[in-house]
Each structure stands twice: as structure tokens, then as C-alpha cells.
Novice: 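One structure follows; several queries about it will come next.
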Amino acid sequence: MEHVTGEAVMGDEAVASAPARRERRGRHARVEERSHGPQGVHRPYIVRNIPTYDVLGEESLERIEAAADRILAEIGIEFRGDPVALDHWRRAGATIAGDLVKFPPGMLREILKTAPAEFTQHARNPANNVRIGGRNVVFAPCYGSPFVMDLDRGRRYGTLDDFSNFVKLAQSSPWLHHSGGVICEPVDVPVNKRHLDMTYAHMRYSDRPYMGAVTAEDRAEDCIEMSRILFGADFMEDHCVILGNVNVNSPLVWDATMTLALRAYARANQAAVIVPFILGGAMGPVTNAGAIAQALAETMAGCALTQLERPGAPVIFGNFLSSMSLRSGSPTFGTPEPAIGSMVIGQLARRLNLPLRCSGNFTTSKLPDAQAMTESTMSMLAAVHCGANFVLHSAGFLDGLLSTSYEKFVLDADLCGALHSYMDGVKVDDNELALDAFREVGPGNHFFGCAHTMANYQTAFWDSETADNDPFEKWEAGGSTDTMTRANTLWKKRLAEFEAPAIDPGMDEALKDFVATRKASMDDAWY
């Protein structure tokens, strides 16, 4: 495995430097201290120390793969408006009839053999590089919401200020590893120019990895060019620094907007994340196995196209299974069927030896309430157990992805913190077995003040920043606050205290000049 600066790998072989003891004590000081230890910002990503959960046996997996092969060979997938993509498929041996492409069984799997099983996405701060694939897990914020929401101002259209705020919140969270992409749509900026401001915000207010635009080929290329300014063109020829999240137009259509962006990233040796968006009963069948087979077919085709564009380009096998209310036709998120479906998608991705993007903190709730966290936890645990390597929508997802919530962002990031400890698993060594503590305490006594507890208490348990664990009377005397109110206070505090990571002034000016020049080269367009 490629070495990542600052990595604290979990497991028996892990070596982590102990945090310096601080004078301040109490809950806030304890949380702050631990957030700068091996569980926090010095862990640029998680190396999972628990196994994945395989729900289907070999016979069932083979039946799903055979169904996907039949979809590809007998029904086919349309590639609309991109003659270069059709030429790629023709040369690879597919059957072409107009925009419809049919694939011989096994063809896509053969093409996908050139895709790397793991790769590093580099950050401008090398200590924040992330490794995607294998046992590695990367948490990134939510993506694509046109609205934002908080307890003070309610639901409203997102602005560039909101977007920058969410980049800052992601950067300041010890439990997120990635700056993400379109955390919310800044609708106060013209559609054809907002990608420039968003990419600059990621580069200026974060020193973690980030994502670029996919809404047009030239916008994708702008984001790639800005990355060349930040990292150097030569470096990018051999290293991934930016991701592009592209969606299939399910069912069974790849449109030119997505394939042109996909090929732009692959051509530059940058990673495309290939994601069907299947709403069961609308863009796919209501039955789980059928939706999974469809997802496999659509995703393999997109991943394979990256390899035809540039063999060896990094690519992520993505998935977005969802359900819907068949009474109203409304999408539903955080439901059990897509969650268990994600487990199967994980098995299929591992059989292809590809990195996996799956699941997230999904919910249809309109508030960061009990429904929101129940649904989010179901989806997030599915991501953990299916073996997802890149988890988009890890923080902020609300209102069926129509809104990014400030409070939900904080609550979700807190859940991500708990999942760091969860994926650590159980370490077994002399200290963990604590036999000296049993000898000191003996039968019938307590462990509060024993030497083992004093030596381990600062890092023994994950400590939530949003939960209230005080006795009822103390909670009541403190104002009887709920989690939404505590999260409201916390995000405001983080933004008030935020300090942007340092950036070379010359580099910053070059990025600003590029943005200004590109904006001046085109009229505003709001579509």
C-alpha cells in the first residue's frame, strides 16, 4: 500500500503517537484533545478493522451477474449524443445500432481489468491524502441540494456564502476526510460560472481532497485546469487529485452530458465516480434483485468507458439504490430495502476488484429529528458493512436530498465520529485485556480510580459533541436543550472560530486570475 503522510492505521500493527496531556479538563477539553489524537484530524481516512458483511451466497450472486449480462446483451444501453463513446464501444467489440449499444457477455469485465483496485487521491496538504479502495473508508459531505436549512432561517435556496460555510464546516470536522463537491447549489451564481467559485472555495477553505463539476464537459475541464494550477500539470499526469461524480440516466441511458464529463476526467487520469440513481418503481424495478442487476449493468458500462478512454485511469464503482412511496410517488430514503441491497452491491464490486462508493446519511425527514437520524443510521451502517470505500452524503443530507441542513451536518459528522471507533473493531493486547486492573481492583470494587483506568480514560471511549449524557436535573437546569439546538450552537461556534488553511499567495492569485478570466469569457447563463 502506498504510504500516506500522517496516517494512523488501525489494527494490532498500528502505531499512533499519544496526544500531549493538556492542563484543561472537562468534557469540552476531553473532546478537543481526542479530536487531535489518532481518532481525529491526524487520521486522514479510516482503515477498517472489521470485516464486510456478505449477505448472498455464490449461486445468488451468479444469478444477479447473469441477469446483468442479459440486460447488457439483449436489451442494451443507449449512449446518447456522444459519437466518440460509440466509437470506443465499436472498437471494443460491442454491437451498435444508432445510440443503442449491446455488449457480449464478459466484455465489460475484461475491459475493467485495467482499472486500479486502489488509488490515492492527493490533497494540497499531503497529510490529508486519502486512499480509496481495499480496507480504506473515506467520509465526504452531501452533494447536490438546491436548498439549505437551519433552525434560525428555515429552508431557502443555497448561496455561495452557504456553500463556503459548508466547506469550512467539513474542514473543521475531525470526522470527515474529504471536502466533497456540490455540498449545496449556490443559486445566486450563474449556472455556467458557479463551478469556478465552488472549486475555488474547496481549494481556499480546505486542504483536503475535493470533487469537481460534471454538468458540462468544459466545466469539468475548468476544474481539472484549476487543479493543474494547484498541483502542477506534471504531477497530475501520474496522480489523482480530483473526483467527478457522474450519474446514469436510469434506466439504461448514458447521456452526453455525463459521458463527456466522465471521459474528461479519465482522459486527465482523474477519477470518475460512476453512479446509477435508481428509484425502485420509477427508474428501476420495485424488486431488489432486479434493481441490483440493473445497477450492476449500468455501472459496469460507465466504469468500462473510462478504461476505453484511458486504460488504468482510476474509477469508483458507485451505487445509489433508493425506494419510493408507491402511494404518492415520492422518493423515500433511509429505508431497509436499499440498505440491504447495498450489501449485495458491495459483494459485486469486490468481485470486480473495484473501489466502491455506496450509501450515506440518507433521510426523507424535513428536520434533523428522530426520523432523520433513524433513517440516516440505517443507511450509514449499510455503507459500513457493505465495504464502501468512498461515502458521499456523509453529512448534511435532509429533505430527500433537496436540502443541506447546518444542524444535520453537525449531527451526521458526530455519527461519523462514532463510526471511526466502530470500524476500529476490538483490539486484543495486554493493555486491552486489563489483567493488571483486575489484580488491583479485585472482586466487588470499582474501576473508576485504578491505574489502568487513569492511563486509558482519555481515549477509551468515543465522546459525542452533540449528545447530552448529564443527569436529568443538570440537563433541565441547563435549559432542557435537544440535539437540534445543541447542533445549532455548535455549527455557529465552528464558523466563528474557523481559520482557513494557509495557501501560497502566488498560487491563490493564479487561481483567482483563472476564475476571473473564465468568467469574463462568457455571458451569464441560468440554465
Side-chain angles (χ1 to χ4, degrees), residues 64 68 77 132 138-145 178 180-183 211 214 243-255 257-258 261-262 271-303 315-324 330-349 352 354-364 375-376 378-402 404 412:
I64 289 175
I77 296 178
I132 299 175
V138 175
F139 289 150
C142 65
Y143 186 108
S145 302
H178 202 280
V182 186
I183 311 180
M211 307 175 79
V214 297
L243 306 182
N245 188 76
V246 295
N247 288 116
V248 186
N249 192 357
S250 303
L252 305 177
V253 173
W254 273 100
D255 64 76
T257 300
M258 292 291 98
L262 174 160
V273 190
I274 310 298
V275 190
F277 191 104
I278 299 176
L279 274 174
M283 285 101 80
V286 295
T287 49
N288 226 347
I292 292 167
Q294 175 188 340
L296 177 61
E298 293 176 340
T299 311
M300 281 199 301
C303 290
V315 63
I316 298 175
F317 185 104
N319 176 66
F320 199 112
L321 292 176
S322 189
S323 54
M324 63 184 297
S330 297
T332 52
F333 296 94
T335 51
E337 293 83 7
I340 198 67
S342 296
M343 306 286 195
V344 181
I345 293 290
Q347 291 181 267
L348 295 168
L352 290 169
L354 292 174
L356 172 65
R357 179 219 139 172
C358 207
S359 212
N361 267 310
F362 297 164
T363 181
T364 319
E375 292 171 345
S376 293
M378 174 165 285
S379 293
M380 207 58 179
L381 284 177
V384 166
H385 291 296
C386 80
N389 305 114
F390 182 71
V391 186
L392 199 58
H393 304 300
S394 292
F397 189 118
L398 203 64
D399 187 23
L401 190 53
L402 290 175
T404 302
D412 287 342

Novice: Taking all atoms of both residues into account, what is the closest heavy-atom pair of I77 and A297, and its distance?
Specialist: CD1-O, 3.8 Å
Novice: Can you run down the side-chain hydrogen bond (donor to acceptor under 3.5 Å, both in side chains) pairs that involve residues 330-343, sequence neighbours left out, and say none if there aren't any?
Specialist: S323-T332, S323-T335, S328-S330
Novice: Does the E375 side chain pair with the main chain of F362, one donor and one acceptor, at a distance under 3.5 Å?
Specialist: no
Novice: With rounding to the nearest 0.5 angstrom, report the CG to OG1 distance, L354 to T299.
Specialist: 10.0 Å
Novice: Measure the CG-OG1 distance between N249 and T257 for me, rounded to the nearest 0.5 Å.
Specialist: 9.5 Å
Novice: I need the F277 CZ to N319 CG distance, nearest 0.5 Å.
Specialist: 11.0 Å
Novice: If you compare all heavy atoms of N389 against all heavy atoms of P355, which two are closest, and at what distance to 0.1 Å?
Specialist: OD1-CA, 3.4 Å
Novice: Which heavy atom of G302 sits nearest to which heavy atom of L262, and what is that distance?
Specialist: O-CD1, 3.7 Å
Novice: May I ask you to test the Q294-S250 pair for a side-chain heavy-atom distance under 4.5 Å?
Specialist: yes
Novice: Taking all heavy atoms of A68 and all of A293, pick out the closest pair and write down the distance.
Specialist: CB-O, 3.5 Å
Novice: Give the minimum heavy-atom separation between A291 and P285, together with the two atoms involved.
Specialist: N-CG, 3.5 Å
Novice: I'd like to know whether M380 forms a side-chain contact (heavy atoms from CB on, under 4.5 Å) with F139, so could you lay out the CA-CA distance, the side-chain angles of the two residues, the decisive distance to 0.1 Å, and finally the verdict.
Specialist: CA-CA 10 Å; M380 207 58 179; F139 289 150; 3.5 Å; yes
Novice: Hey, could you give me the CE/CD1 distance between M378 and I340, rounded to the nearest 0.5 Å?
Specialist: 9.0 Å
Novice: Got a donor-acceptor contact below 3.5 angstrom from the S394 side chain to the A140 backbone?
Specialist: yes
Novice: Quick one: side chain to side chain contact (heavy atoms under 4.5 Å, CB included) partners of N245, sequence neighbours excluded?
Specialist: Y143, M211, N247, V273, V275, R357, L392
Novice: Is there side-chain contact between V248 and M258, with at least one heavy-atom pair below 4.5 Å?
Specialist: no
Novice: Check whether any side-chain N or O of T404 sits under 3.5 Å from a backbone N or O of S145 as a donor-acceptor pair, and report yes or no.
Specialist: no
Novice: What is the distance from atom CG of L348 to atom CG of L296, rounded to the nearest 0.5 Å?
Specialist: 5.5 Å
Novice: What's the shortest heavy-atom distance between A395 and D412, and which atoms?
Specialist: CA-CB, 3.4 Å
Novice: Rounded to the nearest 0.5 Å, how far does CZ of F333 lie from CG of L321?
Specialist: 11.5 Å
Novice: Is the shortest heavy-atom distance from the side chain of V315 to the side chain of I274 under 4.5 Å?
Specialist: yes
Novice: Okay, side chain of T363, backbone of S376: is any donor-acceptor separation there less than 3.5 Å?
Specialist: no
